[in-house]
Amino acid sequence: MKLSEEKIFSDSQIQYLISQNDYSSAADYLFNSQLKSWSLMKKNYAVLKNVQTKSFWFEGMKLKVQFNPERIISASAKVDKSSISNRACFLCTDNLPESQKGILIRNDFIMLCNPYPIFPQHFTIALLDHKQQLISKYFGEFLEISKLLSPNYTLIYNGPACGASAPDHLHFQAGIKQSIPIENDIQQMKNDYGQIVQEDEFIKTTFINDGLRKLIFIESIHQSLLEKSFSKIFQEFENISSAAPEPLMNLLCTYDKEFGWNVVIFLRRKHRPECFYKDDPDKIIISPAAVDLGGLIITPREEDFIRIDEELLKKILKEVSLDQNTFSILAEKIKVRLS
Ligand SMILES: [Zn+2]
């Protein structure tokens, strides 16, 4: 991999923080430095401060809708093969805007500020090499980076066919912890709607259907056990899935020194809901990915923000989530594999 020095943000303070393995503070420092030197980023984070939101509750679970016009590029991105192969990859370091710089993580990833934010601090963590977005090859890195970025950030993965706007370049995102409602709700959801498929003193895996979404929640402090369980879940999902290049999933991950990792795997049946492809006035531009499934739904158009209500939200989340029957079959199969 080649990487020009000028793309690396490095001063004595960053070098010190990284030498202490304090990537959380390094990210915060990078963010504030880029905010001063990059006018597009400064403008878009200022706009985010005044963004309109509205909230709904479903039996104790929160869904928050954010009207965010800057996200129209990402929400309506053409991610078919020919569109992707005809554009310059915006995650390859050669193509980054002049003002954008990042910090190296593990020497094979670069952490960059996202200039079109959903969160008060929003990052993209891209592999330096231009390689396809595939979680099965990089789940270990996903866990490691979430640990490096704790305690302040949540790590996000969107599958190449269900939310990633660069399906051809492996990347994660990170946002300030507790920005996504499910981070608060997950333990309650587990108690109310969970079916435990694996449990011992080292790891716990729960299938959750809350009536809106279908997800798997894994808790463990042992990276190798998490990787083993994830690999089995992935294989079983792949066996019953016709999606390419991998079964449709979005991931959220946090790490805590005392309790270890919390991994949420949203299982998907399709990328975008039918209303996305309709003509106005029936059209609604919502392109659900990990953050939306986590309960922070982004509407880039004002008419959609105004129109969206509990019924529409419920319909859209259910429509893009795995169907009940497949979810139950998968739970049975995985229970056998993990026992
Ligand atoms: Zn690339």
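One-based numbering, in listed order, for ligands and for the atoms of each. Atoms considered below: every heavy atom in the structure, side chains included; atoms not considered: hydrogens, waters and symmetry mates. Here the structure is a predicted model, which means the values were calculated and not measured.
Here the angle centred on the Zn ion (ligand 1), running from SG of Cys92 over to SG of Cys89, is 120°, rounded to 10°.
Note on His169: its N/O/S atom closest to the Zn ion (ligand 1) is ND1. The closest approach of His130 to the Zn ion (ligand 1), by N/O/S atoms, is made by ND1.
By the 6.0 Å and 45° rule, Lys64 does not stack over the aromatic ring of Phe56. Taking the ring axis of Phe207 as reference, the NZ or CZ atom of Lys214 does not stay both within 45° of it and closer than 6.0 Å to the ring centre.
Not less than 6.0 angstrom separates the ring centroid of Phe234 from the ring centroid of Phe139. Between Phe109 and Phe172, a ring centre-to-centre spacing shorter than 6.0 Å is recorded.
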